[in-house]
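Small disclaimer: the values here were computed from a predicted structure and weren't measured.
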There are 2 protein chains.
Amino acid sequence: MTEVPGKAAGDTRSRILDAAERLFMENGFDGTSMRMITSQAGVNLAAVNYHFGTKELLIQEVFRRRLTDLNRARLAALEALELEAAGASLKPSRIVDAFFGTALRMAADVEGGGHTFMCLLGRTYTEPNEFVRQFLAEEYAECVERFLAALYRALPEVDRKEILWRFHFMMGAMSYAIAGTDALQLVTGKFDDENPSQLAPRLMSFLLGGLRAPLAEFGGLK
Amino acid sequence: MTEVPGKAAGDTRSRILDAAERLFMENGFDGTSMRMITSQAGVNLAAVNYHFGTKELLIQEVFRRRLTDLNRARLAALEALELEAAGASLKPSRIVDAFFGTALRMAADVEGGGHTFMCLLGRTYTEPNEFVRQFLAEEYAECVERFLAALYRALPEVDRKEILWRFHFMMGAMSYAIAGTDALQLVTGKFDDENPSQLAPRLMSFLLGGLRAPLAEFGGLK
DNA sequence: GTTTCATTAAAACGTTTGTTTGAATCATAC
DNA sequence: GTATGATTCAAACAAACGTTTTAATGAAAC
């Protein structure tokens with residue numbers, strides 16, 4: 001569990017964040033103790049409370065650190081699209097790429113920890129912890145709203161509720177593709193040594209196929 | 001936390017399993033204590049260890065109880081298809097329905113706890129706990145193998161690796177559609193009060209759209 | 001050199017954790 | 001009724017938990 005490589009890299013604060021990010025991803029929030037974090041980071045036990053206050057605030061900071069950048073990058077990509085189109089309607093595939101492609105590019109960064117974080121984020125989507133949910137929702141609100149609005153504009157003939165559902169499904173496919181430990185991997189042998197460069201184009205074409213699929217018909221209630 | 005409605009329903013064993021299932025879904029394995037389980041079930045603290053041995057074995061039994069039935073139902077649906085086709089090739093959409101539709105029908109059973117279990121299963125796919133992974137993989141192995149073989153036969157012109165990827169993506173979309181607490185729900189307001197009858201046809205058409213999407217092309221490595 | 005303030009350190013705090021114990025209770029068989 | 005085996009019960013166990021405390025250490029300001 002202990003891994004103290006000379007204490008060379010970074011200050012105490014970011015050492016704690018890096019260690020926490022990885023351990024939360026591997027063991028969940030409740031499965032990761034303060035002592036695991038501080039020994040992995042090579043710092044004193046009290047350092048977490050000193051720098052972050054409580055464990056919950058540490059969790060919050062682990063997300064905030066990366067999520068702010070991710071959603072900023074997504075919005076920048078969307079604005080670039082809108083600027084390029086100069087008033088014309090956007091292709092849905094470009095919008096999807098601005099949102100999901102940006103996340104996949106972050107997940108492809110294994111070295112800098114982007115991959116670890118995206119795995120953590122993926123598993124957190126299914127963690128109904130009220131405290132984390134609330135925080136994630138606030139952090140995502142503006143970004144999701146803007147992208148949904150863009151999709152509504154790009155697909156004016158499609159019922160907005162259907163677009164919402166499909167966005168939901170796309171989120172799921174992506175999260176699981178990144179974070180899913182997956183029964184399959186253990187049955188069939190690992191795919192490609194977690195090489196994310198293989199994942200991105202395959203997932204994008206799947207997502208677009210789902211987005212463009214003919215709408216379902218309902219026998220039942222409206 | 002305590003909810004002891006007269007101790008009317010079922011024996012101690014199944015009362016514990018029901019309580020554990022719900023609490024694991026809501027709080028995760030580490031976030032759920034023995035005391036939470038036993039007080040929710042209205043039984044003595046020592047009852048879990050008496051009936052199941054350890055917490056880990058209880059977790060195992062929570063999954064085994066439902067997963068055996070689910071995968072049995074999936075395989076029965078597949079065999080019914082094969083019988084009906086009488087040697088002819090199966091439509092991929094029917095195979096997908098036999099696997100994912102069966103799960104969705106289980107998730108639609110709110111009363112009997114099927115919905116709770118599917119939520120738990122969904123969040124467990126992204127929980128890399130080695131003990132749980134191992135168990136899930138064993139429990140899934142045969143079923144997944146049979147369905148993949150059926151898809152390979154139904155789509156002989158498609159590279160098997162691509163089919164494997166898309167199965168992976170479909171698993172993700174479904175898991176998240178059921179278990180995902182989702183930034184969206186908090187941004188946009190809940191969809192339809194978790195009514196699973198709305199979910200199934202929408203998800204199925206999304207899955208089939210993704211499955212049929214044109215294959216991605218790679219600029220990069222094979 | 002001394003003061004000052006931010007950081008680190010070791011030790012302890014009271015709770016809660018999963019599990020075990022040994023006696024009490026129950027239903028069934030003789 | 002009494003013996004038997006399974007189950008339930010209250011109580012206690014050591015270990016681990018998040019957090020706090022108080023003293024030691026560090027570097028910069030005067």
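Every residue two or more places apart in sequence or in another chain that forms a side chain to side chain contact (heavy atoms under 4.5 Å, CB included) with B:Leu67 is listed here: B:Leu70, B:Asn71, B:Phe117, B:Leu121, B:Leu136, B:Glu139, B:Tyr140. For A:Thr32, there are no side-chain hydrogen bond (donor to acceptor under 3.5 Å, both in side chains) partners, not counting sequence neighbours. Residues passing the side chain to side chain contact (heavy atoms under 4.5 Å, CB included) test with A:Arg13 are A:Asp11, A:His51, A:Phe52, A:Glu61, sequence neighbours excluded.
Shown for residues 57-65 of chain B: no residue has heavy atoms falling under 4.0 angstrom of DNA chain D.
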Would you tabulate the nitrogen or oxygen pairs shorter than 3.5 Å linking the protein to nucleotides 10-17 of chain D?
from, atom 1, to, atom 2, distance (Å)
D:dC17, OP1, A:Ser33, OG, 3.3

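Electrostatic pairing of A:Arg74 and A:Asp69 does not count as a salt bridge here, judged by no charged N lying under 4.0 Å from a carboxylate O. Classification of B:Glu26 and B:Arg22 as a salt-bridged pair holds, one side-chain N sitting under 4.0 Å from a carboxylate O. B:Glu79 has a carboxylate O that lies under 4.0 Å from a charged side-chain N of B:Arg146, or vice versa, which qualifies the two as a salt bridge.
Residue B:His51 has a polar side-chain atom (N or O) positioned under 4.0 Å from OP1 or OP2 of D:dT8. A sub-4.0 Å separation between OP1 or OP2 of C:dT7 and a side-chain N or O of A:Thr12 is absent.
Residue pairs satisfying the salt bridge (Lys or Arg N to Asp or Glu O under 4.0 Å) criterion with at least one member in residues 94-105 of chain A, sequence neighbours excluded, are listed as follows: A:Glu84-A:Arg94, A:Asp97-A:Arg105.
Here C:dT16 presents its P atom at 17 Å from CD1 of B:Ile37, a figure rounded to the nearest Å. Rounded to whole angstrom, the span from the CG atom of B:Asn49 across to the C1' atom of D:dT8 amounts to 13 Å. For the pair B:Arg13 CZ and D:dT8 P, the interatomic distance rounds to 11 Å; values are reported in whole Å. Atom CG in B:Asp11 sits about 16 Å away from atom P in D:dA6, given to the nearest Å. Straight-line distance from the CG atom of B:Asn27 to the P atom of C:dT17: 11 Å, rounded to whole Å. Between the C1' atom of D:dG18 and the CZ atom of A:Phe52 lies a distance of 16 Å, rounded to the nearest Å.
Of the candidates C:dT19, C:dT7, D:dT7, D:dT7 carries the atom nearest the B:Tyr50 side chain, counting heavy atoms from C-beta on.
Relative ring orientation between A:Phe99 and A:Phe147 is described as perpendicular, the plane-to-plane angle rising above 60° on a 0-90° scale split at 30° and 60°.
Two residues are said to be in side-chain contact when any heavy atoms from C-beta on lie closer than 4.5 Å; B:Phe100 and B:Ile95 fail this criterion.
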